[in-house]
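So the structure is just underneath, and the comments pick up after that.
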Amino acid sequence: LLRGVLTARAAGLTSAVAGAADARVVVATALIDDGRLLAARRTRPEALAGRWELPGGSVEAGEDEADAVVRECKEELGADVEPCGRLGTDLPIDAGLLRVHLARLRPGSAPPQPLDHSALRWVSASELDALPWVDADRAVLHDLRAALP
Ligand code: DCP
């Protein structure tokens, strides 16, 4: 009996861990500098290549969301950013959940470079709508406009 209970507990634990892994969180960075927002053009997968996004990526196991924002901006843009709060609500994406974080460049940071994208653009509030955004990011345009002068 004891062995059965332990096996059931182990199975329950395994499925709880698997469940947590399924709810993958992707962070996206609304990097604002001098009244404009940084937009980045994706190169992959084929379905999203050429569409514009807020740079970011998957939060790693045990990683804080704000730390993931800092790491992804360093990896993808070569920039040092300071996260400064969430923007909008959780957005469902194929991969799980997308959460947008506002951020600014730290003093002395190198300017963002397209290390992982085919182009970067600083866009003003009036230019937001015209870009072909990936679907999830388009859903936060209203909140982004409110965050820009
Ligand atoms: N995504 C999105 N909008 C963003 C950023 C990401 O819709 N602003 C989506 C696109 C992908 C998923 O989130 O389906 C993961 O994004 P990335 O491929 O950019 O992130 P990673 O490179 O970290 O993902 P992986 O670890 O899967 O390679």
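Counting begins at 1 with the first residue of the sequence. Numbering of ligands and ligand atoms starts at 1, following listing order.
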- Pair D116 + R44, salt bridge at N-O below 4.0 Å: yes

- So, the side chain of T29 versus the backbone of P55: is there a donor-acceptor pair under 3.5 Å, distance only? yes

- Closest heavy-atom approach to atom 17 (P) of ligand 1 among H117, R42, E76 is made by R42

- Query: With atoms numbered from 1 as shown, which atoms in ligand 1 lie under 4.0 angstrom from a non-hydrogen atom of R44?
  - Reply: 18 (O), 22 (O)

- atom 26 (O) of ligand 1 sits nearest the protein heavy atom S58 OG, 3.4 Å

- Which residue owns the protein heavy atom closest to atom 2 (C) of ligand 1, what's the atom, and how far is it? D137 OD1, 3.7 Å

- Pull out every atom of ligand 1 sitting under 4.0 Å from any heavy atom of A28, numbered as shown with elements. 8 (N)

- Please determine if D129 and R138 form a salt bridge, counting it only when a charged side-chain N lies under 4.0 Å from a carboxylate O. yes

- Query: What's the shortest distance from atom 5 (C) of ligand 1 to any protein heavy atom, and which residue and atom give it?
  - Reply: E53 OE1, 3.2 Å

- Task: Please check if V123 and V140 belong to a single hydrophobic cluster, counting links between Ile, Leu, Val, Met, Phe, Trp and Tyr side chain heavy atoms closer than 4.5 Å.
- Result: yes

- Charged N to carboxylate O below 4.0 Å: is that the case for K74 and D80? yes

- Should L128 and W52 be marked as a side-chain contact (heavy atoms from CB on, under 4.5 Å) after you check the CA-CA gap, both sets of side-chain angles, and the distance that decides it? CA-CA 10 Å; L128 280 179; W52 293 76; over 6 Å; no

- Under 4.0 Å from one or more heavy atoms of R24, ligand 1 contributes atoms 15 (C), 24 (O), 25 (P), 27 (O)

- Enumerated ligand 1 atoms positioned under 4.0 Å from heavy atoms of G56: 19 (O)

- Item | Close approach of D94 to ligand 1, heavy atoms, under 4.0 angstrom | no

- Quick look: L98 vs ligand 1, heavy-atom contacts under 4.0 Å, and the answer is side chain

- Query: Counting heavy atoms only, which of I93, V27, L48 comes nearest to atom 13 (O) of ligand 1?
  - Reply: I93

- Protein heavy-atom partner closest to atom 14 (O) of ligand 1 - residue, atom, separation in Å: A95 CB, 4.3 Å

- Is the closest basic N to carboxylate O distance between D137 and R51 below 4.0 Å? no

- Item | Matching residue for W122 among L31, L37, D34 - test: side chain to side chain contact (heavy atoms under 4.5 Å, CB included) | L31

- Note on the structure: Within 4.0 Å of some non-hydrogen atom of G57, the atoms of ligand 1 are 20 (O), 23 (O)

- For V26, atoms of ligand 1 separated by under 4.0 Å from a heavy atom: 6 (C), 13 (O)

- Message: When you compare ligand 1 with L54, is there at least one nitrogen or oxygen pair between them that comes in under 3.5 angstrom?
- Response: yes

- L98 and its side chain to side chain contact (heavy atoms under 4.5 Å, CB included) partner, picked from D90, L54, L91: L91

- Query: How many angstroms lie between atom CZ of R86 and atom CG of L102, to the nearest 0.5 angstrom?
  - Reply: 10.0 Å

- Item | For E72, the ligand 1 atoms whose distance to one of its heavy atoms is below 4.0 Å | 23 (O)

